[in-house]
**Q** 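Take a look at this one; I'll ask things after.
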2 protein chains.
Amino acid sequence: MFDLPPLQATARDDAVLNVLADFVMQEELKPGDRLPTERVLSERLKVSRTTVREALTRWEGLGLVERRQGSGTYLKAAVSRDMLHLPLTFASGNDFESLMHTLEIRRGLEAEAAALCALRAGPAELELIRQKLETMEEAFHSRAGMSSDEDWDFHQAIYRVSGNPLFEQIISAMHELFHRFWEHPLGVRDFGHASFPYHRTVYERIAARDAEGARSEALKLIATVEADLRRGDANLKRAGNR
Amino acid sequence: MFDLPPLQATARDDAVLNVLADFVMQEELKPGDRLPTERVLSERLKVSRTTVREALTRWEGLGLVERRQGSGTYLKAAVSRDMLHLPLTFASGNDFESLMHTLEIRRGLEAEAAALCALRAGPAELELIRQKLETMEEAFHSRAGMSSDEDWDFHQAIYRVSGNPLFEQIISAMHELFHRFWEHPLGVRDFGHASFPYHRTVYERIAARDAEGARSEALKLIATVEADLRRGDANLKRAGNR
DNA sequence: TTGGTACAATGGTCCAACCAATTTCTGCAT
DNA sequence: ATGCAGAAATTGGTTGGACCATTGTACCAA
C-alpha cells in the first residue's frame, strides 16, 4: 500500500507562498521593500484575497513580513524558496526567573558572537562597531546613564558583524521578552551603569583580533547586567511588592 | 522625540489568540486534543470566522496546532498565554555554511550550559551526567566510534541540569536541522572521534565545580567537531561533488 | 511655508455561500 | 444481531463582495 499522494491535497496558500517566494527572488526584493497589494496578488495569482491573506498571515507569524494598515506589506527578512523555518515557541512567564533564563542564553550567544567578530570583522565592519560604541558612550554621558536604544544598537552591530545571521534572529526575538520587563515591573533602574565600561573593552578586544579576550569581556559585561538585575529584584522583594 | 504610542492599533486576532490560549489552559487541553470548531469559536468570541481562521493560521504556522479538513483542529504543543515565539529561518538549509552557523550557535550555548552546570548541579544531577558519559564511552568503544545517540543524550543531560529549560528547547530544535545533514550530504564520517576525549574533561570540570573550566572544555569540544566537519567538507569538494 | 482637508489606496473585519475531506449515521442485506 | 455501502452531517478550505480604519498623497487656503 503506497500512501504517496499527499501532493496537491488542498494547499493553495502553500502554493501561494512558494510563488510569492519566487516573486520576491525574481524581483530581488530586500528587507524593507514593499511587496504587492493583497488585491493585486489575489488577481495575479487567480486566488481569492482571503487565501492570499492566510498565506501572508503565516509569513507574518514567522516574522518574515510586516503589515501596516493603510500602507502595505513589507519584507522583514530575506526570503527564498528553500527556506527552513524553525518556529520555536516556549512558555516563558513574566517572572524574574524567566528573565534570568533569557539572560543566560544571551550571555552564551553574546560571548560567541564577540569571539567570531574578532575573527571576521573587516576594517569596514570594525569601523561600524566603533561608531556604534561612540554613539552609545555619547548618549550615556549626555543623559547620565540610560542609553538602552544606543546600547542595543551596539550589541546588534556585533551580532551582525559576526557573520552569522542566526545570532541576530535569536537575540532580537528575545529582546521583546526583555522589554516586557523594562516596561512594567522593576522600575527603570540605572541599567548599563555597571556594564558601561565593558562595552569599550569588548570593542578593543575585537579590534585587536583577540577572540578569546573578546569572549571573556563579553561574559563580564553580561555578568554585570545580571548582577544589576538581581540587585533590583532583591530591592523589589525587600520593598514587599509581590 | 517620544515614540510611545504603538498602543492598541487594531488587533482582534491577537486578542483571539490570547482568549484561545486562556481557553486551552482552562480546559487543560493537552497536545493531541481537539479544540472547538472554527464556527463555534467564531460565535462564542463574537468575531467572524475569517478572524478566527487568521488567528489559527498564525498558530498553525508556528506549529502549535494542526488542522485536518473534515475532522477538526488539534493541539500539537502545549500552549500558554505568555509564550515566547522564536521563529528562526535558515536560508537555503542544505549548504555547508548553514551547518557551520548552527554549530556556532551551539558552541555558545553549550559553553554557557556547561558553566551553569558546574555551578548548579547537585549530587543527583552530577550522577546523571556521569552515567550518560559512561554509557556514551561504552558505546563508543564497543562500536568503534559513532555513538551519536548516546552522545546526544550526554549533551542533553547537560542542558537539562543547567537549570534553564531554554537551552534544551533551542538546541533540540536545532538538532533536527543537524540530522538533515547527517542523513544525506557528507558521508557519515567518524564524527566524535576527535571530540570524544573532551566529553570526559567537560564532565570533570563540572564535577569540580569549575565553571570557567567547564566552559573552556566545552568550547574545545565543539571546536573539534567543527574541525572535523570542515575537513569532511574539504574532502567532499576535493572529490568534485558539486 | 504651513496647516488642514478631501480622496484614494491598503490592510482588517465581516458575511453568506459553496467546495472538499472526514466522520457519523442510516438502513438494507446477510 | 452483524457488516457494510451509501446518505447525511460535520468541519476545515475557498470564494466574492462589502464595509471599516489607517495611512499616504495631492490639493487648497491662510
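Atoms considered below: every heavy atom in the structure, side chains included; atoms not considered: hydrogens, waters and symmetry mates. Within every chain, numbering begins at 1; the chains are lettered A, B, ... in the order of the sequence lines, protein sequences first and strands thereafter.
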**Q** Want to settle it: does B/L35 or A/Y74 sit nearer the 5' end of DNA chain D, counting the closest nucleotide to each?
**A**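 Residue closer to the 5' terminus by nearest nucleotide: B/L35.
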**Q** Do side-chain atoms of B/T57 reach the backbone of B/R53 as a donor and acceptor pair under 3.5 angstrom?
**A**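 Yes.
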**Q** So does B/R39 get a backbone contact from the side chain of B/T37, meaning a donor-acceptor N/O pair under 3.5 Å?
**A**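 No.
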**Q** How close or far is atom P of D/dG12 from atom CD of B/E43, stated in whole angstroms?
**A**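 Those two atoms, CD and P, are 14 Å apart.
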**Q** Send over the distance from A/R68 CZ to C/dT10 P, rounded to a whole Å.
**A**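 Nearest whole value for this atom pair: 14 Å.
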**Q** For A/C117, does its backbone N or O pair with a side-chain atom of A/S162 as donor and acceptor, under 3.5 Å?
**A**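 A pair under 3.5 Å: no.
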**Q** A side-chain contact here means heavy atoms from C-beta on lying under 4.5 Å apart; do B/E112 and A/L109 qualify?
**A**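 No; the side chains remain at least 4.5 Å from each other.
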**Q** For B/R39, which contact category applies under a 4.0 Å heavy-atom criterion: base, sugar-phosphate, or nothing?
**A**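 Since a base atom lies under 4.0 Å of B/R39, the category is base.
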**Q** So if I take residues 44-61 of chain B and measure heavy-atom distances to DNA chain D, which residues fall below 4.0 Å?
**A**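 Close to the strand are B/R49, B/R53.
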**Q** In Å, rounded to the nearest 0.5 Å, how long is the span from CD1 of B/I158 to CG of B/L116?
**A**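 Between atom CD1 of B/I158 and atom CG of B/L116 there are 11.5 Å.
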**Q** Strictly below 4.0 Å, heavy-atom distances to any atom of DNA chain D: list the hits from residues 23-33 of chain A, or just say none.
**A**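 Hits under 4.0 Å, by residue number: none.
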**Q** Heavy atoms, side chains only, cut-off 4.5 Å: are B/F167 and B/V161 in contact?
**A**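 Answer no - side chains too far apart.
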**Q** Determine: side-chain N/O of B/S71 to OP1/OP2 of D/dT10, distance under 4.0 Å, yes or no.
**A**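 Answer no for this pair, as no side-chain N or O of B/S71 is under 4.0 Å from OP1 or OP2.
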**Q** Measure from the side chain of B/R67, starting at C-beta and using heavy atoms only, and say which of D/dT11, C/dG11, D/dG13 lies closest.
**A**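 So the nucleotide nearest the side chain must be D/dG13.
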**Q** What is the distance, to the nearest angstrom, from the CG atom on A/D14 to the C1' atom on D/dG12?
**A**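 Spelled out: CG on A/D14 to C1' on D/dG12 is 15 Å.
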**Q** Report the distance from atom CD of A/Q69 to atom P of D/dA21, rounded to the nearest whole Å.
**A**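 Whole-Å distance recorded here is 9 Å.
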**Q** Within the structure, does a side-chain N or O atom of A/R34 lie under 4.0 Å from either OP1 or OP2 of C/dT10?
**A**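 Answer is yes, contact under 4.0 Å.
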**Q** Does the plane of the ring in A/F154 sit parallel, tilted or perpendicular to the ring in A/H199? Use 30° and 60° as the thresholds.
**A**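 The arrangement is tilted - the two ring planes meet at 30° to 60°.
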**Q** Provide, to the nearest angstrom, the distance between the CD atom belonging to A/E38 and the C1' atom belonging to C/dG11.
**A**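 Roughly 5 Å, once rounded to whole Å.
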**Q** Specify the separation, in whole Å, of atom CD of A/E66 and atom P of D/dT23.
**A**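 To the nearest whole Å, that distance equals 12 Å.
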**Q** Look at the side chain of A/S48 and the backbone N and O of A/T51, then say whether any donor-acceptor pair between them is shorter than 3.5 Å.
**A**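 Here the side-chain-to-backbone pair exists.
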**Q** State whether the side chain of B/E168 and the backbone N or O of B/P165 hold a donor-acceptor pair below 3.5 Å, judged by distance alone.
**A**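 No; judged by distance alone, with no hydrogens or angles, the pair does not exist.
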